[in-house]
Asker: 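Input: one structure, supplied below.
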There are 2 protein chains.
Amino acid sequence: MQSNINYNDLKNKLLLHALKATQQRIVIYEAVLRLNNHPTTEEIYALIRPDNPSVSLGTVYKNLEKFVEAKLIRKVACEDGMMRFDGNIDKHNHFYCTNTHEIIDFQEEDLHQLIGNFLKKKKIDNFEIEDFHLQINGKKIDIQKEIVFS
Amino acid sequence: MQSNINYNDLKNKLLLHALKATQQRIVIYEAVLRLNNHPTTEEIYALIRPDNPSVSLGTVYKNLEKFVEAKLIRKVACEDGMMRFDGNIDKHNHFYCTNTHEIIDFQEEDLHQLIGNFLKKKKIDNFEIEDFHLQINGKKIDIQKEIVFS
DNA sequence: TTTCTAAATAGTAATTTTTCTTATCTAAGA
DNA sequence: TCTTAGATAAGAAAAATTACTATTTAGAAA
């Protein structure tokens, strides 16, 4: 758990990504990290609203987009129609539960390399690969419990 | 190219998927197949509108959703915020051009098996995998030309 | 520290996308 | 042919997103 996200770390992270560190941005970025299960814009807005009633929804939308541009966070397009955001920018992939619409991180360096190597060897003309994203679709068996992989 | 999509084939395909073969559904399904580059709902609506002015947008939305449920087509959530649809239900993956927002099919049986085998070997508890989808992000170098891979 | 300015924000309006509602209609099985 | 469950049109409504503009502010420069 990231309980150690303090004001200065957040601020520096923003500055490092060439983003003016406004109060609103710090709060929004913190919310993305706290809600570490791929929140929607509304979920982020709902989290920050009680303590920051003057932050407008438009600001949340605009800044999430800015953060993605600056590669501070990632966008995750979801089949349920909602755009979601991911504060974890390490290489990783996702499970998607078609029952609960949860997106669950799947950190598996071996698999990531396997795919990366395949693409490197493959001759692909007229396309410069930046990254890739694997989404594994299925259903959680016990919705209450977590997915365990080893 | 699928120039051989005729009325009866479309109708039978719908019936095969337990969908009542209405005139509207035949027209909508045909549009998805014709617009074989992952059209949005609006693009589908725009294509059929001239010849079928009485088909309503709501019908297009509802039926695309129905088709996905019936596994007649696939949904492709796109980072540009638009939901797109794919009439090709064969196992395949996608390139996504962050410049043009195009989604381009990447049919590569070897890669698909590589990933499938990895996941089969991996012990994953509390999740029943149905399928997976690899999206390769990057930029087309010459926007006019196609991506070539071999 | 104070001043300056480009950039960011709040609040609201407008637009876009999607879903819902209801009266009417139709495909396909009996 | 008749019947009816399911589908449709049309428009209203809701939800999601973007745009606009006066005001404010972070951070650079003096």
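In this text, all values refer to a predicted model and were calculated from it rather than measured experimentally. Naming: A, B, ... by sequence-line order, numbering from 1 per chain.
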Asker: For dA10(C), does either OP1 or OP2 sit under 4.0 Å from a side-chain N or O belonging to Gln24(A)?
Answerer: yes

Asker: Taking the six-membered ring for Trp, are His94(B) and His133(B) parallel (under 30°), tilted (30 to 60°) or perpendicular (over 60°)?
Answerer: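 The rings of His94(B) and His133(B) stand perpendicular, inter-plane angle above 60°.
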
Asker: What is the distance, rounded to the nearest whole Å, between atom CG of Leu10(B) and atom P of dA27(C)?
Answerer: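 About 16 Å, once rounded to whole Å.
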
Asker: What is the distance, to the nearest angstrom, from the CD atom on Glu65(B) to the C1' atom on dA7(D)?
Answerer: 16 Å

Asker: Just the rounded figure in Å: distance from P of dT18(C) to CG of Asp80(A).
Answerer: 12 Å

Asker: Using a 6.0 Å cut-off, check whether atom CD of Glu146(B) has over 12 heavy atoms from anything other than its own residue.
Answerer: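 No.
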
Asker: So which nucleotide from dA9(D), dA28(C), dA10(C) ends up closest to the side chain of Lys62(A)?
Answerer: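 From the listed options, dA10(C) comes nearest.
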
Asker: Report yes if a side-chain nitrogen or oxygen of Tyr61(A) is closer than 4.0 Å to either non-bridging phosphate oxygen (OP1 or OP2) of dT18(D); otherwise report no.
Answerer: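 Looking at the OP1 and OP2 atoms of dT18(D), neither is under 4.0 Å from any side-chain N or O of Tyr61(A).
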
Asker: Output the rounded distance in Å from CG (Asn63(A)) to P (dT17(D)).
Answerer: 15 Å

Asker: Ignoring hydrogens and angles, tell me if any N or O in the side chain of Lys75(A) forms a donor-acceptor pair with the backbone of Glu79(B) under 3.5 Å.
Answerer: yes

Asker: Please confirm whether the shortest side-chain N or O distance from Ser56(B) to OP1 or OP2 of dA10(D) is below 4.0 Å.
Answerer: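 Result: no.
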
Asker: Which comes earlier along DNA chain C counting from the 5' end, the contact point of Gln23(B) or that of Glu42(B), where each point is its nearest nucleotide?
Answerer: Glu42(B)

Asker: Hey, which of these two, Met83(B) or Thr22(A), hits DNA chain C nearer its 5' end, going by closest nucleotide?
Answerer: Thr22(A)

Asker: Please report the distance, rounded to the nearest Å, between CG in Leu19(B) and P in dT26(C).
Answerer: 19 Å

Asker: Describe the nucleic acid contact of Ile28(B) in one word from base, sugar-phosphate, nothing, applying a heavy-atom distance below 4.0 Å.
Answerer: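 The residue Ile28(B) makes no contact with any strand.
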
Asker: How close or far is atom P of dT18(C) from atom CZ of Arg84(B), stated in whole angstroms?
Answerer: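 Answer to the nearest Å: 11 Å.
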
Asker: In terms of the angle between their ring planes, are Tyr96(B) and His101(B) parallel, tilted or perpendicular, with boundaries placed at 30° and 60°?
Answerer: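 Ring orientation of Tyr96(B) relative to His101(B): tilted.
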
Asker: Nearest to the side chain of Lys20(B) - dA7(D), dT17(D), dT9(C)?
Answerer: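 Ranking dA7(D), dT17(D), dT9(C) by closest atom to the Lys20(B) side chain puts dA7(D) first.
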
Asker: Check the distance between dA10(C)'s C1' and Arg25(A)'s CZ and give it to me in whole angstrom.
Answerer: 15 Å

Asker: Could you tell me how far apart Leu14(A) (CG) and dA8(C) (P) are, to the nearest whole angstrom?
Answerer: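 Value for this atom pair: 11 Å.
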
Asker: Which atom pair, heavy atoms only, marks the closest approach of Tyr7(B) to Gln23(B)?
Answerer: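 Where Tyr7(B) meets Gln23(B) most closely, the heavy atoms are OH-OE1, 3.2 Å.
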
Asker: Given that Leu57(B) and Gly58(A) both sit by DNA chain D, which one's nearest nucleotide is further toward the 5' end?
Answerer: Leu57(B)

Asker: Which of these nucleotides, dA27(C), dA10(C), dA9(D), is closest to any side-chain atom of Val55(A)?
Answerer: dA10(C)

Asker: Using a cut-off of 4.0 Å on non-hydrogen atoms, how would the nucleic acid contact of Ile26(A) be classed: base, sugar-phosphate, or nothing?
Answerer: nothing

